[in-house]
Amino acid sequence: MAEKLETLAVHGGTAPDPATNARITPIYQTASYVFDDVDHAAALFNLEVFGNVYTRLMNPTNGAFEGKVAALEGGVAALATASGHAAQFLAFHTLMEPGCEIVAAKKLYGGSLNQIGHSFRKMDWHGRFVDADDPGKVAAAITERTRAVFIESIANPGGVVQDIEAIAKVAHAAGVPLIVDNTMATPMLCRPIEHGADVVVHSATKFLGGHGNSIAGVIVDAGTFDWAASGKYPYLSAPNPSYHGKVFTEAFGNIAFILACRALGLRDLGPALSPQNAFYVLTGMETLALRMERHCANALHLAQWLQNHPKIAWVSYAGLPESPYHQLARKYLGGKGGGVFTFGVKGGYAAGIKLVSSVKLFSHLANIGDTRSLIIHPSSTTHRQLEEAAQIEAGAGADVVRVSVGIEHIDDIVADLAQALEQI
Ligand SMILES: *Cc1c(COP(=O)(O)O)cnc(C)c1O
């Protein structure tokens, strides 16, 4: 049985296709699956046997993707979703009741700040955002109504690493799970479950898929959290009326959470991944180890070069030994900093705009984790609706530029930013 991550990235979750012996997992482009007979159909609908019913619920191509991510993250099982945001939505939907709270880091992907801070309110779920650099502040924000703590292993936009172990301890002391968004680190740099995370979510749109060609997400269940102990999670530990009173924790043990995400959340809310996109992500993941090595090496080189550039005010990258997050990067990321970071350009807003409009190799767009080098000026794009103070709080002040460093040759990457900085 393979154990090394590089090998799991290639082989995890996938075997020659049992129906055809095709070496590569085929795209099972089907909406539905024929029942063996009436009894088989009944058993499937009662969750007495697991099998294919309908592609909103499961699909063999998606299943291979789920198996690969579960193997890489060291979880018991995974669930593919239509996007990273759908993964977060289904994970929270399984845990939250009206009036309940999520304690979340302030430094998060902007879309997650919107999802938790605004859209979840319509379901009467409430985000309490804290400075998770201080686990004591996480502890202080947890109340009777808290149902989950949510952080990113490396926080997007850049340079921030969270102390997963310390935050997991605080969450567990209060009887709630820690959910970690591991999009920016990927299991190649960090496996949050080894550090106490109970659930891991990904935007597979980014580094997992790695080629900027599809939107996808995934939830991984560590299988370790005792959902029945506190009585806080009735969706999992109380009789479920939509399955004739089945109690998920009793019927399914350590896969109760991920099975509820599928058999309740995905079934009823519907954000299923297209098997075509699962195929692209599966193919991309085979080279995850190689790509992450190159992303990290190129990002470190570029960060060091920018640090010494006269037009650059500061660089925030946890891979740099002088970063305040470098100790955490050594503990959780093997000393690496990932492929994404931010820097400040002297001359503020006008200089930032000039830089992103002068690049030639870099693409000016809103995404990360592509093979291509990408650049964005958050205060004129993703964060432009925020007031100035809020922009600064979110790490998106007027001078901030974010790069997602691709896997091209580092000399070409540096040359492009050099010529673009000349234009300022
Ligand atoms: C992009 C992103 C998401 C959202 O994922 P989508 O696939 O775009 O829905 C969540 N978290 C992080 C860290 C991201 O970068």
**Q** Between H195 and D163, do the side chains contain a donor N or O and an acceptor N or O under 3.5 Å apart?
**A** no
**Q** Looking at K331, I'd like to know if its NZ atom is crowded, meaning that more than 12 non-hydrogen atoms belonging to other residues, nucleotides or ligands lie closer than 6.0 Å.
**A** yes
**Q** Run through S83, S203, S112 and flag the one making a side-chain hydrogen bond (donor to acceptor under 3.5 Å, both in side chains) with Q88.
**A** S112
**Q** Answer yes if the side chains of S380 and R384 hold a donor-acceptor pair under 3.5 Å, and no otherwise.
**A** no
**Q** Any side-chain donor paired with an acceptor under 3.5 Å for H11 and E286?
**A** no
**Q** How about W314 and F343: are their ring centroids closer than 6.0 Å?
**A** no
**Q** Side chains of T55 and Y33: is there a donor and an acceptor less than 3.5 Å apart?
**A** yes
**Q** Checking D17 against T20: is there a side-chain donor and acceptor pair closer than 3.5 Å?
**A** yes
**Q** Apply side-chain contact (heavy atoms from CB on, under 4.5 Å) to F207 and M292, showing your working.
**A** CA-CA 8 Å; F207 291 99; M292 289 311 290; 3.6 Å; yes
**Q** Please check if any side-chain donor atom of S242 sits under 3.5 Å from a side-chain acceptor atom of R267, or the reverse.
**A** yes
**Q** Near Y54 OH, under 6.0 Å, is it more than 12 heavy atoms from other residues, nucleotides or ligands?
**A** no
**Q** Got a list of side-chain donor-acceptor pairs under 3.5 Å for residues 296-311, not counting sequence neighbours?
**A**
from: N298; atom 1: ND2; to: G406; atom 2: O; distance (Å): 3.0
from: N298; atom 1: ND2; to: E408; atom 2: O; distance (Å): 2.9
from: Q307; atom 1: NE2; to: E322; atom 2: OE2; distance (Å): 2.9
from: N308; atom 1: ND2; to: Q304; atom 2: O; distance (Å): 3.2
from: H309; atom 1: ND1; to: K311; atom 2: N; distance (Å): 3.1
from: K311; atom 1: NZ; to: L421; atom 2: O; distance (Å): 2.9
from: K311; atom 1: NZ; to: I424; atom 2: O; distance (Å): 2.9

**Q** Under the side-chain hydrogen bond (donor to acceptor under 3.5 Å, both in side chains) criterion, do Q162 and E152 qualify, and how do the steps go?
**A** CA-CA 7 Å; Q162 308 274 220; E152 294 175 355; over 6 Å; no
**Q** Tell me which donor-acceptor pairs under 3.5 Å the side chains of residues 208-223 have, and how far apart each pair is, sequence neighbours excluded?
**A**
from: H211; atom 1: ND1; to: G209; atom 2: O; distance (Å): 2.9
from: D221; atom 1: OD1; to: G223; atom 2: N; distance (Å): 2.7
from: D221; atom 1: OD2; to: I258; atom 2: N; distance (Å): 3.2

